[in-house]
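Below, all heavy atoms of this structure are taken into account, side chains as well, without hydrogens, waters or symmetry copies.
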Amino acid sequence: MPLRLIFMGTPDFSVPTLLELVAHGHEIAAVYTRAPKPAGRGMKLQATPVEQEARRLGIPVLTPATLKTEDAQSEFRAHKADAAVVVAYGMILPQAILDAPRLGCFNLHASLLPRWRGAAPINRAVMSGDAETGVMVMKMDVGLDTGDVAMAERLKISDTMTASDVHDTLARLGADLMVRAMAALERGGLQLTKQSADGVTYAAKIEKAEAKIDWSKSAHEVLRHIHGLSPFPGAWSEVSVDGETVRVKILRCEPGRGSAAPGALLDDHLTIACGDGAIRIVELQRAGKAPMKAAEFLRGTPLTSGARFS
């Protein structure tokens, strides 16, 4: 028999899992997501991607500010769910919530636990030069991503992949993985394994101060830093154009050839010297402008060899 589930999620990453659970016949008793926030030029309240999808599907939506009150916990228990599926919900679940579903709460986490527990696992995996990452289904406890793991899918990270590329691929892999986990749970055959105490790392939230590019680092480190922050918040650098300092976000790059002082422009194809080696910019964005290819940027922003990014 299909399970009666509560789904808890907020951003785009969560949506494929919700859709797959519905497509496989599970009953979604309610969707929990974060409250609408002001967004866009008019700063109008905008529902989360999960709320928009849930309302399209006709699923009841709840946006509590906290789950720590008795009222919120009573409301949660009243759904009489077999299990809760949690995908990037963005709120800590207290023990009373974790204990409410008959079979427990199951989280889809975008890393190969115990590596990169915490808020920004995709960004940190790319920025750190990891060769692979993945998604895992974990039975939740009160710790930060410390619960027993049920199932995993792995993904190789190439140097061409941005955080956005990894995000989109893991969202699809994760949706399929969670459906398979719920099928095993339904049959009573979901196997759980304790996380290793070795290899624990924490994926701290990305701070704005981290986004400035340090050209003194090696080309590979600079490339992974740029790709790990693309498209948001975007790794940035500044360059002088006609006496004006212009800030640009670099969204995608590739290895380049040549050497010079770190930050020096090496040619008319936006190849920039690093502490060791060079990278060539493929896509970038000026403040207030849409993302553009390097050639388009150079047509409107003439730079000469020897210009310096800082």
So, applying side chain to side chain contact (heavy atoms under 4.5 Å, CB included) with His79, which one of Leu5, Ile28, Ile6 is it?
Ile6
Same hydrophobic cluster for Leu177 and Val50, using side-chain heavy-atom links shorter than 4.5 Å among ILVMFWY?
yes
Check: Met138 main-chain N/O paired with Asn107 side-chain donor or acceptor under 3.5 Å:
no
Side-chain heavy atoms nearer than 4.5 Å, only ILVMFWY residues, links allowed to pass through others: does that put Leu98 and Met178 together?
no
Scanning both residues in full, the closest heavy-atom pair of Arg77 with Glu70 reads NH2-OE2, 2.6 Å
Can you confirm whether more than 12 heavy atoms, excluding those of Asp276, are under 6.0 Å from its CG atom?
no
If two hydrophobic side chains count as joined below 4.5 Å and joins carry through other members, does Ile92 share a cluster with Tyr89?
no
Could you state the interatomic distance from NZ (Lys293) to CZ (Arg299), rounded to the nearest 0.5 Å?
12.5 Å
Distance-only criterion, 3.5 Å: show the donor-acceptor pairs between side-chain atoms of residues 126-135 and protein atoms not counting sequence neighbours.
unit_1, atom_1, unit_2, atom_2, d
Ser128, OG, Arg124, O, 2.9
Asp130, OD1, Arg115, NH2, 2.8
Asp130, OD2, Arg115, NE, 2.9
Asp130, OD2, Arg115, NH2, 3.4
Asp130, OD2, Trp116, NE1, 2.8
Glu132, OE1, Arg154, NE, 3.3
Glu132, OE2, Arg154, NE, 3.3
Glu132, OE2, Arg154, NH2, 2.8

Side-chain H-bond candidate by donor/acceptor type, Ser111 with His109, under 3.5 Å:
yes
In terms of hydrophobic clusters joined by side-chain contacts under 4.5 Å, are Leu112 and Val200 together?
no
Distance col, row His24:NE2 vs Glu186:CD, nearest 0.5 angstrom, shows 11.0 Å
Using side-chain heavy atoms (C-beta onward) and a distance below 4.5 Å, is Trp236 in contact with Lys212?
yes
Taking everything shown except Leu45 itself, do over 12 heavy atoms lie less than 6.0 Å from its CG?
yes
Count the heavy atoms belonging to other residues, nucleotides or ligands that lie under 6.0 Å from NZ of Lys80, then report whether that count exceeds 12.
no
Are Glu244 and Ser240 linked by a side-chain donor-acceptor pair shorter than 3.5 Å?
no
Tell me whether Phe7 is reachable from Leu170 by hopping between hydrophobic residues (I, L, V, M, F, W, Y) whose side-chain heavy atoms are closer than 4.5 Å.
yes
Mind running side chain to side chain contact (heavy atoms under 4.5 Å, CB included) on Thr301 and Arg286 for me, showing each step along the way?
CA-CA 10 Å; Thr301 312; Arg286 284 188 65 162; 3.3 Å; yes
Minimal non-hydrogen separation, Gln73 against Ala96, with atom names:
OE1-CB, 3.3 Å
Listed by chain and number, what are the side chain to side chain donor-acceptor pair (under 3.5 Å) partners of Thr48, not counting sequence neighbours?
Thr33
Of all residues at least two apart in sequence or in a different chain, which pass the side chain to side chain donor-acceptor pair (under 3.5 Å) check with His167?
none
At what distance, to the nearest 0.5 angstrom, does CD1 of Ile279 lie from CD1 of Ile272?
5.0 Å
CA sep, side-chain torsions, deciding dist, call: Thr63, Arg34, side chain to side chain contact (heavy atoms under 4.5 Å, CB included):
CA-CA 5 Å; Thr63 59; Arg34 302 305 298 270; over 6 Å; no
Counting C-beta onward and ignoring hydrogens, is there a side-chain heavy-atom pair between Asp165 and Arg252 closer than 4.5 Å?
yes
For Glu254 and Val282, indicate whether the former's side chain and the latter's backbone hold a donor-acceptor pair under 3.5 Å.
no
Using only atom types and a distance under 3.5 Å, with no angle test, would you say the side chain of Gln195 pairs donor to acceptor with the backbone of Gly147?
yes
Restricting to non-hydrogen atoms, name the atom on Leu229 and the atom on Ala211 that form the minimum distance, rounded to 0.1 Å.
CD1-CA, 3.7 Å
Main-chain N/O of Gly228 paired with Asn123 side-chain donor or acceptor, under 3.5 Å:
yes
Under-4.0 Å salt bridge between Lys194 and Asp148
yes
Check whether any side-chain heavy atom of Leu303 sits under 4.5 Å from a side-chain heavy atom of Val239, and report yes or no.
yes
A side-chain contact here means heavy atoms from C-beta on lying under 4.5 Å apart; do Leu144 and Tyr202 qualify?
yes
Find the distance between CD1 (Ile97) and CG (Leu67) and round it off to the nearest 0.5 Å.
5.0 Å
If you measure from the Lys or Arg side-chain nitrogens to the Asp or Glu carboxylate oxygens, is any gap between Glu51 and Arg56 under 4.0 Å?
no
Working to the nearest 0.5 Å, report the span between NE2 of His220 and SG of Cys274.
11.5 Å
Could you give the side-chain donor-acceptor pairs of residues 11-23 under 3.5 Å, partners two or more places apart or in another chain?
unit_1, atom_1, unit_2, atom_2, d
Ser14, OG, Thr10, N, 3.3
Ser14, OG, Pro11, O, 3.4
Ser14, OG, Val87, O, 2.6

Taking the side chain as C-beta and beyond, is there a heavy-atom pair between Pro233 and Ile206 under 4.5 Å?
yes
When you compare the side chains of Thr160 and Ser158, does any donor N or O come within less than 3.5 Å of an acceptor on the partner?
yes
Heavy-atom distance under 4.5 Å between the side chains of Met136 and Met151, does that happen here?
no
Within-4.5 Å side-chain heavy-atom neighbours: Leu3 and Leu185:
yes
Give the minimum heavy-atom separation between Ile213 and Ala235, together with the two atoms involved.
CG1-CB, 3.8 Å
Which is it for Phe232 and Leu251 under the side chain to side chain contact (heavy atoms under 4.5 Å, CB included) test, yes or no, and what are the steps along the way?
CA-CA 9 Å; Phe232 184 83; Leu251 304 177; over 6 Å; no
Backbone of His227 reached by a side-chain donor or acceptor of Thr162 within 3.5 Å
no
What's the shortest heavy-atom distance between Gly256 and Thr271, and which atoms?
CA-CG2, 4.2 Å
So, for Arg308 and Pro262, which heavy atoms are closest and what is the spacing to 0.1 Å?
NE-O, 2.7 Å
So OG1 of Thr169 and CG of Leu155: to nearest 0.5 Å the spacing works out to 5.5 Å
Listing request: all side chain to side chain donor-acceptor pair (under 3.5 Å) pairs with a residue in residues 173-185, at least two apart in sequence or in separate chains.
Glu153-Arg180, Asp176-Arg180
By side chain to side chain donor-acceptor pair (under 3.5 Å) - contacts of Thr193 (at least two apart)
none
Chi angles and distances behind the side chain to side chain contact (heavy atoms under 4.5 Å, CB included) call for Phe106, Met140
CA-CA 6 Å; Phe106 295 85; Met140 299 175 72; 6.0 Å; no
Report yes or no: does Ser230 contribute a side-chain atom to a donor-acceptor pair with the main-chain N or O of Ile226 at less than 3.5 Å?
no
Can you confirm whether Val248 sits close enough to Gln285 that some side-chain heavy atom of one is under 4.5 Å from a side-chain heavy atom of the other?
no
